[in-house]
Amino acid sequence: MKKIDARGLSCPEPVLLLRRALQKGEDEYVILVDNGAAKENCLRFGEYQGYKVEIEAGGDDFCLHLKKKA
Amino acid sequence: MDKDKFPFTLAAGCLGAGAGILTALGNPSNMGLCLACFIRDTVGALGLHGAAATSYIRPEVCGIVLGSFLLALYRGEFRPKGGSAPLTRFVLGFWAMIGCLMFLGCPLRMVLRLAGGDLNAVAGLAGFALGIAAGVFFLNRGYSLQRAYKANFLEGSWLSLVQVGLLVLLFLHPAFIRFSTDGPGSLHAPVVASLALGLAAGAAAQRGRLCFVGGIRDWLLFKDGRLLKAFCAIFLGALLSNLFLGAFTGKIFFHLGFEGQPIAHNDALWNALGLGLAGFACLLLGGCPLRQLVLAGEGAADSAAAVLGLAVGAACAHNFGLAASAAGPTLNGKAAVLIGLAITFAIACFNTYGKDRSL
């Protein structure tokens, strides 16, 4: 499972980091973001790329868990 | 997801229609909302430039920042933060404004000009898209202004507090605040209507993350058309309101062509280069002037620095004769746009290739 820390980065950088990571084709990813726009954009992009995305809010940050759909 | 319940495209259409209505209520033609022009007017009212025809504290700008601030507070999305290259953002804001004032409008006014039939804005749109494409080239190669970090409430609230101060000055109108008595600065809708539309626009843009640069950027990067749809909805909303208001009031709100367009010139090359510079600089900032105001309202001190850059850019544009007018671009303005393109290109290169990329 690959972990990406995109906290503090403004859009579209979190999604670009996620896109770069997804190109490696792993089944599971975790991405940390700290704002609503990054959360929504990563969610949309992950789902579009065929991943199931679960969001966990912790403090000021959001943790998105991506799992490749079977 | 709750975001799906918010009818974003419809809200964008209403925003376009609202901008059309503000022109009927007194704002300059095709200028129901223009962040470049309105920041420039506000800067003029404060005496920071000497252009007598463009001075008025525009409540729309105050409303946009405060609408975003209040909704972000209410939704728990107010996140004060800063420290992501604030001075680089200031410089990018400065040059974005020089580009906008060459074209005579921000990206939002570009859409409103198109909706008013001003075909000169087509060249602006082409340049804008090319500027964004140039920025996307660098984004794809790792361009970044690095991370922002958490800040305290006050640091994230300064631009919103300044707007409250500006509204007080607007209502009290002390002698040191200059309001135009003729020219575009003298044309404005009633304060209540302007402020209400500004608040609604700020709130809707905060909720839907509305951004004109983002519209083209996201489509180029991810083939994501969500913001582009909002872009089209604003155009349609403004076009319909222009046609309806024209039929209803007998005045002209839609006039198709290149000649005689209100507060516009028909030099296609410089319209394109102006918005090209604005698109490139705003892409590197992460959003158009509207988005910078909204982000500043949400607590981003770095976006507030970009807005200050826009404001200083507006002051310099008029003090140094850089801003175009209906008569066309000036020689100083052409030189400034070329210098701005070179500086923006250098900023893009430096923050793509000349930095530690181990984020």
Side-chain angles (χ1 to χ4, degrees), chain A, chain B residues 1-4 6 8 71-72 75-85 89 135-136 138-151 206-211 213-214 217-218 220-224 226-227 283-287 291-292 294-295 298-300 302-303 306 357 359:
Chain A
M1 183 172 63
K2 183 161 170 59
K3 209 167 176 179
I4 306 156
D5 184 359
R7 287 176 297 177
L9 295 175
S10 50
C11 274
E13 287 180 51
V15 193
L16 285 168
L17 285 179
L18 181 61
R19 183 175 74 172
R20 216 170 293 155
L22 290 189
Q23 282 165 353
K24 302 232 163 78
E26 292 187 31
D27 288 341
E28 275 189 65
Y29 292 88
V30 172
I31 180 163
L32 277 171
V33 297
D34 70 348
N35 64 81
K39 178 191 72 173
E40 286 161 23
N41 289 341
C42 288
L43 168 73
R44 255 204 325 277
F45 187 71
E47 287 180 339
Y48 176 68
Q49 294 290 319
Y51 286 79
K52 185 174 180 301
V53 185
E54 280 174 12
I55 301 172
E56 183 190 325
D60 284 345
D61 303 329
F62 304 97
C63 184
L64 283 76
H65 296 266
L66 285 80
K67 255 190 191 162
K68 187 89 185 164
K69 285 183 191 161
Chain B
M1 283 299 296
D2 62 348
K3 74 184 166 71
D4 295 332
F6 180 64
F8 177 51
L71 187 66
R75 298 185 71 229
E77 290 198 331
F78 181 79
R79 286 160 195 267
K81 57 184 176 183
S84 164
R89 290 176 191 271
V136 163
F138 288 99
L139 267 180
N140 274 329
R141 281 153 187 79
Y143 169 84
S144 172
L145 288 180
Q146 309 296 332
R147 290 179 202 275
Y149 295 90
K150 288 186 179 67
Q206 194 279 335
R207 186 76 168 83
R209 329 282 183 210
L210 179 63
C211 176
V213 169
R217 177 198 68 197
D218 288 357
L220 288 175
L221 276 173
F222 311 118
K223 298 286 172 276
D224 178 350
R226 190 186 74 94
L227 291 173
L283 187 287
L284 299 183
L285 278 174
R291 183 78 183 136
Q292 297 305 319
V294 168
L295 285 172
E298 287 179 23
D302 297 320
S303 293
R357 296 172 73 180
L359 280 168

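Each chain gets a letter, A, B and so on, in the order its sequence line appears, and its residues count up from 1.
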*Asks:* Mind checking whether A:Val15 and B:Asp224 have side chains closer than 4.5 Å, heavy atoms only?
*Replies:*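 Side chain of A:Val15 against side chain of B:Asp224, heavy atoms only: no contact under 4.5 Å found.
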*Asks:* Backbone N or O of B:Ala148 within a donor-acceptor pair of the A:Arg7 side chain at under 3.5 Å?
*Replies:*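 A pair under 3.5 Å: no.
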*Asks:* Chain A heavy atoms under 4.5 Å from B:Leu295: which part of the residue, side chain, backbone, both or neither?
*Replies:*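 No part of it gets close to chain A.
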*Asks:* Within the structure provided, determine whether B:Glu298 and A:Asn35 are in side-chain contact (heavy-atom separation under 4.5 Å).
*Replies:*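 Heavy-atom side-chain distance check fails, nothing below 4.5 Å.
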*Asks:* Quick one, A:Leu9 and B:Gln146 - any side-chain contact, counting heavy atoms below 4.5 Å?
*Replies:*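 A:Leu9 vs B:Gln146: side chains apart.
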*Asks:* If every non-hydrogen atom of A:Gly36 is compared with every non-hydrogen atom of B:Glu77, which pair is closest and at what distance?
*Replies:*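 Minimum heavy-atom separation between A:Gly36 and B:Glu77: CA-OE2, 4.2 Å.
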*Asks:* If we only count heavy atoms from C-beta on, is the A:Asn41 to B:Arg209 side-chain gap below 4.5 Å?
*Replies:*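 Side-chain contact under 4.5 Å: no.
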*Asks:* Which pair of heavy atoms, one from B:Lys150 and one from A:Asp60, lies closest together, and at what distance?
*Replies:*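 Where B:Lys150 meets A:Asp60 most closely, the heavy atoms are CE-OD2, 3.3 Å.
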*Asks:* With a 4.5 angstrom heavy-atom cut-off, is it the side chain or the backbone of B:Phe222 that approaches chain A, or both, or neither?
*Replies:*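 For B:Phe222, the contact with chain A is made by backbone and side chain together.
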*Asks:* Heavy-atom pairs under 4.5 Å with chain B: which of A:Pro12, A:Cys11, A:Ala6 has the most?
*Replies:*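 Greatest number of close heavy-atom pairs with chain B: A:Pro12.
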*Asks:* If I compare all heavy atoms of B:Arg79 with all of A:Phe62, which pair ends up nearest, and what's the gap?
*Replies:*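 Minimum heavy-atom contact is NH2-CZ, 3.5 Å.
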*Asks:* On a heavy-atom basis, which atom in A:Asp34 and which in B:Lys81 lie closest, and how many Å separate them?
*Replies:*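 Heavy-atom minimum between the residues: OD1-NZ, 3.9 Å.
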*Asks:* Distance check, rounded to the nearest 0.5 Å: A:Leu16 atom CG versus B:Ser144 atom OG?
*Replies:*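 Reported to 0.5 Å precision, the distance equals 10.0 Å.
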*Asks:* Do A:Arg20 and B:Asn140 have side-chain atoms, one donor and one acceptor, less than 3.5 Å apart?
*Replies:*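 Side-chain D/A pair, A:Arg20 to B:Asn140: absent.
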